[in-house]
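To start, the structure under review is shown below, and the notes come after it.
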Amino acid sequence: CSSDLWPAAKSFRTVITMDDAPKKPRPDGLHAILGKRDPKSALYLGDNIDDALAAQAAGMPFMAILPKSAYDYRQRAKSFRELGALRLLERARDLEQWLL
């Protein structure tokens, strides 16, 4: 069980791990989390291209976590933008500012 391996899992309604669904960029894990909810009502934060591809395949908005100090920043930023990233965030906690 996920909560046995990751104690914080009890704070979430649904936890999907790599053992529960095919690997990204397949969107199966995102579909499992969403259930019957509209993918456009969700937001996926991710830090790699497979995250962006999975979000795109699921029809879900996506924001990339990409610090300006990251290796190959320019190319990765370009790829994220081409895949429809709504925004590039320096760190996940920057989402709070965007939501306000």
* Asked: Where do P27 and A57 come nearest, in terms of heavy atoms and distance?
  -> CG-CB, 3.8 Å
* Asked: How about F12 and I33: do any of their side-chain heavy atoms sit closer than 4.5 Å?
  -> no
* Tell me, yes or no, whether the heavy-atom count around E96 atom CD, taken from other residues, nucleotides or ligands under 6.0 Å, exceeds 12. => no
* Check whether any side-chain heavy atom of W98 sits under 4.5 Å from a side-chain heavy atom of R87, and report yes or no. => yes
* Asked: Going by heavy atoms in the side chains, are I65 and L95 under 4.5 Å from each other?
  -> no
* For residues Y73 and L88, report the shortest heavy-atom separation together with the two atoms involved. => OH-CD1, 4.0 Å
* To do: Mind checking the CG-CG spacing from L83 to D50? Nearest 0.5 Å is all I need.
  => 10.0 Å
* Calculate, to the nearest 0.5 Å, the distance between atoms CG and CG belonging to D94 and L45 respectively. => 10.5 Å
* Whether over 12 other heavy atoms sit under 6.0 Å from Q97 CD -> no
* To do: Identify whether I16 and L34 are in the same connected component of the hydrophobic contact network (ILVMFWY, side-chain heavy atoms under 4.5 Å).
  => no
* Check A55 against Y44 and note the closest heavy-atom contact, atom names and distance. => CB-CD2, 3.6 Å
* R74 CZ: over 12 foreign heavy atoms closer than 6.0 Å -> no
* Asked: Does the pair D38/K40 count as a salt bridge with the N-to-O cut at 4.0 Å?
  -> no
* R81 side chain to R76 backbone, donor-acceptor under 3.5 Å -> no
* Tell me, do K24 and D51 make a side-chain contact under 4.5 Å, heavy atoms counted? -> yes
* Is any side-chain heavy atom of F80 less than 4.5 Å from a side-chain heavy atom of I49? -> yes
* Any side-chain heavy-atom pair of D20 and D28 under 4.5 Å -> no
* Asked: Hey, is the main chain of K68 close enough, under 3.5 Å, to the side chain of E90 for a donor-acceptor pair?
  -> yes
* Asked: Can you tell me how far CG of L86 sits from CG of L43, rounded to the nearest 0.5 angstrom?
  -> 6.5 Å
* Structure fact -> d(H31 NE2, M60 CE) to nearest 0.5 Å is 7.5 Å
* Of all the heavy-atom pairs spanning L30 and A58, show the shortest one and how long it is. => CD1-CB, 4.0 Å
* Between atom CG of D72 and atom CG of L66, what is the distance when rounded to the nearest 0.5 Å? -> 9.5 Å
